[in-house]
Amino acid sequence: MLANLLIETAGGRIVAVTPDVAAPPVAATVLRGITLPGLANTHSHAFHRALRGRTQAGRGTFWSWRDQMYRIADRLTPESYFALARAVYAEMALAGITCVGEFHYLHHGPGGSPYADPNAMGAALVTAAAEAGVRITLLDTCYLTGGIDRALEGPQLRFGDGDADGWAQRVSFLDLPEHARMGAAIHSVRAVPPDQMGPVVDWAAHRAAPLHVHLSEQRAENAACLAAYRRTPSALLAEAGALGPLATAVHATHLTGDDIALLGASAAAVCMCPTTERDLADGIGPARRLADAGCPITLGSDSQAVIDLFEEARAVELDERLRTEQRGHWPAGDLLRAATSAGHAALGWPEAGWLAQGALADFVTVALDTPRLAGTRRATAAESVVFAATAADVRHLVVGGREVVRDGIHLLVGDVAAAYETALEEVLPE
Ligand SMILES: [Zn+2]
């Protein structure tokens, strides 16, 4: 941890980083606290934010939660999704997130009827990110079946493109501005049959774009995959060529030893979403074993039950403690790398997530004069941030050299709670 750091930016990039500066230059903005590279939220479904706090009464399962999620999905239009996502991404900015990976499959209108612009929903997300001042990787998701050997039905109809070639054709019409990049996603082995994975894999490989996939989040998914294909989801994806250094497996909760070896050998990243996995009673993924096998670990807010990457980061360690009854699996520095450079790399922004000359000028300042972090000392500052900070301790955010959050206020959106109230009025059923 360096002290009295001067970060100089020009043209959206960091041009110099100088430690131990005696006094800041007159024109400098003073960022009091700990300044980290911007955080990367590697796995987001923006619209799930509408479910926050509304799925907790009674017991329910992952699958009953999914039914509630579908009811929200059914109501969204490009206009209402823009308003909701703008608030979600603004909340992310307030939490220190400078780049989001949006795993996007709400492609068409209700019932699958196409909008005049076949990418109207994705474009709404890209514009929402611009208005919230954050970068976005639009992980446009191929979603073809409602389950193995089951057609899409009801609310799922708007996710589909017919087949993978239809997906590739639609995606080819997307033209993204500077703050946005493209990635591809295979929703899961439930939603894309193996003979349809090829075009998505080829599309991503051809562009050296990220390729993300939900992997083995639920035991039922593994059982159905084994019954249909006599392979685990990891093995099926490996055979389809979907695993490699540009791939990210999301969740990777229920894996065999062979699955872990396959993923590690491919150097695919793994995105852990501990607050969502907790919320949905998914289980605890083998993050330590995956990292030891060769997988970079990244973090995602996924269902937006919580938007706080500090909480996600410490959960990777704390969940492992609960499982093993032992402490000390993850140094704080490794968890910060998961939240910053590893996450950005998995989203196709390898030049972000660093405080170094030439990197994108994306950084976040965590205040130390808060009840949670008062008393932080430099020697253990990384541990304090990872194990004690919350999103509420984020004070400043800079993206591409531009201030987005100052003194805890979102400079572009203003009152984010009010933005949510307006947006949610449109999409909540009552
Ligand atoms: Zn997800």
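Counting convention: from 1, in listed order, for ligands and their atoms alike. Keep in mind that what you see is a predicted model, and the values were worked out from it rather than measured.
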| query | Counting backbone and side-chain atoms alike, does His43 have an N/O/S atom under 2.8 Å from the Zn ion (ligand 1)? | reply | yes

| If we only count heavy atoms from C-beta on, is the Cys142 to Gln196 side-chain gap below 4.5 Å? | no

| said: Taking backbone and side chain together, does His45 place any N/O/S atom at a distance below 2.8 Å from the Zn ion (ligand 1)? | reply: yes

| So, Asp407 and Arg395, do they make that salt bridge, N to O below 4.0 Å? | no

| request: Identify, by name, the N, O or S atom of His214 lying closest to the Zn ion (ligand 1). | output: NE2

| Those residues that, when tested against Asp161, pass salt bridge (Lys or Arg N to Asp or Glu O under 4.0 Å) (two or more places apart) | Arg170

| query | Considering all heavy atoms of both residues, which atom of Ala93 and which atom of Ala132 are nearest to each other, and what is their separation? | reply | CB-O, 4.0 Å

